[in-house]
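First comes the structure, then the notes that go with it.
Counting starts at 1 for both ligands and their atoms, following the listed order. The residues of the chain are indexed from 1 along the displayed sequence.
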Amino acid sequence: EPLPASAEQTDGFHLVIDALKANDVDTIYGLVGIPITDLARMAQAEGLRFIGFRHEANAVNAAAIAGYLTKKPGIAMTVSAPGFLNGLVALANATVNCFPMIMISGSSEREIVDLAQGDYEELDQLNAAKPYVKAAYRINHVEDIGIGMARAIRAAVSGRPGGVYLDVPAKLLGQAMDAAAGKKSIVKVVDPAPAQVPAPEAITRALDVLKNAKRPVIMLGKGASYAQADADIRAFVEKTGIPYLAMSMAKGLLPDNHPQAAIAARSYALKEADCVMLIGARLNWLLSHGKGPTWGGKDHKDWADKKFVQIDISAQEMDSNVPIDAPLAGDIGSTVAALLKEIEKSGFNKPDASWTGSIKEKSDANVAKMAKTLSAKTSPMNFMTALSAMRDVLKTRPDICLVNEGANTLDLARSVIDMYEPRKRLDSGTWGVMGIGMGYAIGAAVTTGKPVVALEGDSAFGFSGMEVETICRYNLPVTVVIFNNNGVYKGNDVNPTGGADPAPTVFVKGSRYDMLMQAFGGVGVTANTPEELSKALTEGIASGKPTLINVVIDENAGTESGRISHLNPQSAAKKK
Ligand SMILES: Cc1ncc(Cc2csc(CCOP(=O)(O)OP(=O)(O)O)c2C)c(N)n1
């Protein structure tokens, strides 16, 4: 007997989907299983895309990069306990990188977990997540799904963006309620990331510090890329005439060949600058915490004699880790707009040509030095000769995203491959984490609809390589390029015992990663020369088809841990 219209019912499954759709979510990245398989089916039936992965970490990485690219929270979905834990690493990485996303995980019934009665995949996921996320919520009652999802969305994108955990006990999905009341309970979040405008006196103070500087430099961080205030940021750099540096994911905010780019003279600029303006860049390990020899200091504790201006959406970021002379607490778009407005009114004298000229001189000399290394002919290829071939191809397609991870593959590509548009370089980021490759490539391809090139060290690729099947299943325009030097960092280590086990850093020699892509119907090619690499890369991008290029690199090439080998611990024990 059908229920009377007024008594029509809805349920938790449908309200989760309604809440996502009401907030313009169109894609979920996940891996199904109890208790979310039907939720995924229903989401797809209701018009959302559900991109199914082979490991939760890659699904969560895809959601994270979707959040970075769109400023809307990426949505990931996992099963309980082990599926949740598999996703947690990438959720923590999203939080560290300030990428807005929500990981929704099914969970066991509270009463069973709270009494440790031993349920299928029982774990107190909410409390396990809390140390690694910006916010964590559990929804226990179906009528709270609307407001719970709204809070998760606002937490992900407002203020400093980050990863949010949303715990969905299995029982919640099955709970029913009156359909009309359910509809009313859905919340469309109003202004989820409100503008945060800095105080006028902070603007004046910052411009005073910059105007009094003789040798200023601007450091753009990925926060500046995320802001999507591209025109104003470019206008600010050009109107002030201050030389600028870009952290790896901020490359392309201004084209790397811009006349004010100081990237090729980075060490000189950081050492000699008397004033540094940080825009969406934190003074963390990547910038030696703002002190020490990188900044012209005597030793790693020495604060060099410099003034710092910093724009950050979190006021608490200031003085981390050196005193900030002119803090600008606000969102980057509003802050740069306010600075430009003040400059329009009160003017700004560009730095003396002796400073900009000295940077240009250093840059030109370093570019010339690199050109020599890049033009060398080697067989087998080394990192630089392979990167030289890639650079020439990628220069013709500034619109595509370059995903990049590895050690030498990451460090060298960052300086060799120029970027010309914002938010096109997606890499290991703040943690220097390996394993983001295929997840970021899938997230970028699905989000942008554009071709993606994923340039991978062979070890780095191994963390997420099974997603090659996912790339083929959705026929994504992803070209994976693996710099295959037979090992972690290099491939020439030997087992000191002479025993049968390979050295800890060595892989199977002559491995054919290209056959992995062929196994799932994609195009697989091995490239032994720069010409073969250029041809395969050009064709891969043009085809729009899943492609993997296995690039044979000299196994003696490379440096252990790339640019950060100095971080490896050294024994203090006195040698006899
Ligand atoms: C989750 C995680 N586990 C281990 C590590 C430590 C590491 C940093 S770089 C790297 C791989 C280097 O080998 P690869 O062959 O990719 O690079 P290349 O020198 O270009 O040939 C590892 C394992 C990190 N950062 N994250």
Side-chain angles (χ1 to χ4, degrees), residues 55-58 60-61 64 85-97 132 248-249 284-286 373 378 380-391 402-417 425-441 453-468 480-493 502-513 516 527 533 548-569:
H55 189 290
E56 290 88 352
N58 306 318
V60 179
N61 278 324
L85 288 170
N86 280 349
L88 196 52
V89 171
L91 184 59
N93 187 55
T95 305
V96 162
N97 281 283
Y132 307 107
S248 63
M249 285 180 65
N284 55 23
W285 75 278
L286 288 165
T373 325
T378 63
M381 286 185 275
N382 62 31
F383 289 99
M384 295 302 269
T385 46
L387 283 170
S388 178
M390 288 197 68
R391 178 172 73 162
L402 174 68
V403 173
N404 185 209
E405 60 176 347
N408 298 280
T409 305
L410 176 76
D411 294 342
L412 296 172
R414 183 176 41 234
S415 48
V416 171
I417 297 185
R425 183 182 161 87
L426 312 171
D427 64 28
S428 298
T430 305
W431 255 352
V433 70
M434 293 301 115
I436 51 94
M438 298 306 102
Y440 280 16
V453 171
L455 173 53
E456 302 278 303
D458 44 347
S459 163
F461 173 73
F463 287 80
S464 66
M466 190 59 213
E467 301 302 342
V468 164
V480 182
V481 179
I482 297 176
F483 278 8
N484 182 358
N485 63 344
N486 290 340
V488 183
Y489 313 123
K490 304 169 82 160
N492 60 0
D493 247 353
T505 58
V506 168
F507 295 151
V508 165
K509 296 204 180 297
S511 33
R512 293 288 309 278
Y513 295 98
L516 184 64
L533 171 51
L548 190 149
I549 307 170
N550 175 45
V551 181
V552 179
I553 297 284
D554 179 354
E555 63 180 27
N556 301 296
T559 313
E560 176 148 333
S561 301
R563 179 180 64 86
I564 56 174
S565 39
H566 64 282
L567 294 182
N568 282 303

When the ring planes of Phe383 and Phe483 are compared, do they come out parallel, tilted or perpendicular, using 30° and 60° as the limits?
tilted

Between ligand 1 and the protein, find all N/O pairs closer than 3.5 Å and give the distance for each.
| residue | atom | partner | partner atom | Å |
| --- | --- | --- | --- | --- |
| ligand 1 | 13 (O) | Tyr489 | N | 3.2 |
| ligand 1 | 15 (O) | Asp458 | N | 3.3 |
| ligand 1 | 15 (O) | Asp458 | OD1 | 2.7 |
| ligand 1 | 15 (O) | Ser459 | N | 3.0 |
| ligand 1 | 15 (O) | Gly487 | O | 3.1 |
| ligand 1 | 16 (O) | Ser459 | N | 3.4 |
| ligand 1 | 16 (O) | Ala460 | N | 2.9 |
| ligand 1 | 17 (O) | Ala407 | N | 3.1 |
| ligand 1 | 19 (O) | Asn408 | N | 3.0 |
| ligand 1 | 19 (O) | Asn408 | ND2 | 2.8 |
| ligand 1 | 20 (O) | Ala407 | N | 3.3 |
| ligand 1 | 20 (O) | Asn408 | N | 3.2 |
| ligand 1 | 20 (O) | Thr409 | N | 2.7 |
| ligand 1 | 20 (O) | Thr409 | OG1 | 2.5 |
| ligand 1 | 21 (O) | Asn485 | OD1 | 3.4 |
| ligand 1 | 25 (N) | Gly432 | O | 3.0 |
| ligand 1 | 26 (N) | Met434 | N | 3.1 |

pair Leu91-Tyr132: side-chain heavy atoms closer than 4.5 Å:
no

Side chains of Arg414 and Arg425: closer than 4.5 Å at any heavy-atom pair?
yes

Can a donor-acceptor pair be found between the side chains of Thr559 and Ser565 at a distance below 3.5 Å?
no

For the residue pair Asn382 and Asp554, confirm or rule out a side-chain donor-acceptor distance under 3.5 Å.
no

Distance col, row Lys490:NZ vs Asn408:CG, nearest 0.5 angstrom, shows 8.5 Å

